[in-house]
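As structure tokens, the structure follows; a few thoughts come after it.
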Amino acid sequence: MSKKILVVEDDPVQQQRICTALQAVDAEIIVAANGQQGVSKAVEEKPDLILMDVVMPEVDGFAACRQITSGDTTREIPVVIVSSKNQEADKVWAQLQGAKAMISKPFSDQELVEQVNAFL
């Protein structure tokens, strides 16, 4: 069975960039345009990994990450924050919300693929 990766990113350019980089990974890519969609798709699709932006409308990535990592059916799914918010406080806050790792924007395709492969 193929692995599934959920990409939660509201910026269409960043979303496309992440999806393009993930073509190097043998996985089905699912996308969500905001945190609320991300939580819903996590429950419906049960992805093997979630890549989550932070700054998004409605529900931000930290809140969505917290909902996913505390949900009964989604708590086992690793969430990796992909964000331009890369201060030490942001990294600590991401971990407190349940994120397993953090990738800073801008990132290289290689960095993204290596981080994804570490969780799949």
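Below, each value reflects all heavy atoms present in this structure, side chains not excepted, and no hydrogens, waters or symmetry copies.
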- Message: Applying salt bridge (charged side-chain N to carboxylate O under 4.0 Å, His left out), can you list everything that pairs with Asp26, at least two apart in sequence or on another chain?
- Response: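 Once residues adjacent in sequence are excluded, Asp26 has no partner under the salt bridge (charged side-chain N to carboxylate O under 4.0 Å, His left out) criterion.
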
- Query: salt bridge (charged side-chain N to carboxylate O under 4.0 Å, His left out) with Lys46: which residues, sequence neighbours excluded?
  - Reply: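 Scan of Lys46 (salt bridge (charged side-chain N to carboxylate O under 4.0 Å, His left out), adjacent residues dropped) gives none.
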
Could you pull out the closest heavy-atom pair between [X] and [Y], with the gap in Å?
X	Y	answer
Ile81	Gly61	CD1-O, 4.4 Å
Cys65	Gly98	SG-C, 4.0 Å
Val80	Met102	CG1-N, 4.4 Å
Lys105	Val82	CE-O, 3.6 Å

What is the distance from atom [atom1] of [X] to atom [atom2] of [Y], rounded to the nearest 0.5 Å?
X	Y	atom1	atom2	result
Glu76	Ile68	CD	CD1	13.5 Å
Gln15	Leu51	CD	CG	11.5 Å
Arg66	Gln97	CZ	CD	4.5 Å

- Which pairs count as side chain to side chain donor-acceptor pair (under 3.5 Å) when at least one residue sits in residues 77-96, sequence neighbours excluded? none

Going hydrophobic residue to hydrophobic residue with side-chain gaps under 4.5 angstrom, can you get from [X] over to [Y]?
X	Y	value
Phe62	Leu6	yes
Ile18	Met52	no
Val7	Val79	no

Hey, does [Y] have a side-chain heavy atom less than 4.5 Å from the side chain of [X]?
X	Y	answer
Ile5	Pro47	no
Asp10	Pro57	yes
Asp60	Val55	no

Identify all side-chain donor-acceptor contacts of residues 110-120 below 3.5 Å with residues at least two apart in sequence or on another chain.
residue: Gln110; atom: NE2; partner: Glu114; partner atom: OE2; Å: 2.8
residue: Asn117; atom: ND2; partner: Val113; partner atom: O; Å: 3.3

- Show your reasoning for whether side chain to side chain contact (heavy atoms under 4.5 Å, CB included) applies to Leu49 and Ile77. CA-CA 6 Å; Leu49 177 65; Ile77 304 169; 5.7 Å; no

- Residues clustering with Val59 (ILVMFWY side chains joined when closer than 4.5 Å, directly or via others): none

Show the atom names and distances, to 0.1 Å, of all donor-acceptor pairs under 3.5 Å that link a side chain in residues 27-45 to residues at least two apart or in another chain.
residue: Asn34; atom: OD1; partner: Gln36; partner atom: N; Å: 3.0
residue: Asn34; atom: OD1; partner: Gln37; partner atom: N; Å: 2.8
residue: Gln37; atom: OE1; partner: Ala33; partner atom: N; Å: 2.7
residue: Ser40; atom: OG; partner: Gln36; partner atom: O; Å: 3.2
residue: Lys41; atom: NZ; partner: Val31; partner atom: O; Å: 2.8
residue: Glu45; atom: OE1; partner: Lys4; partner atom: NZ; Å: 3.1

- salt_bridge(Arg17, Asp11) N-O dist < 4.0 Å: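 Here Arg17 does not pair with Asp11 in a salt bridge, since their nearest N and O are not under 4.0 Å apart.
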
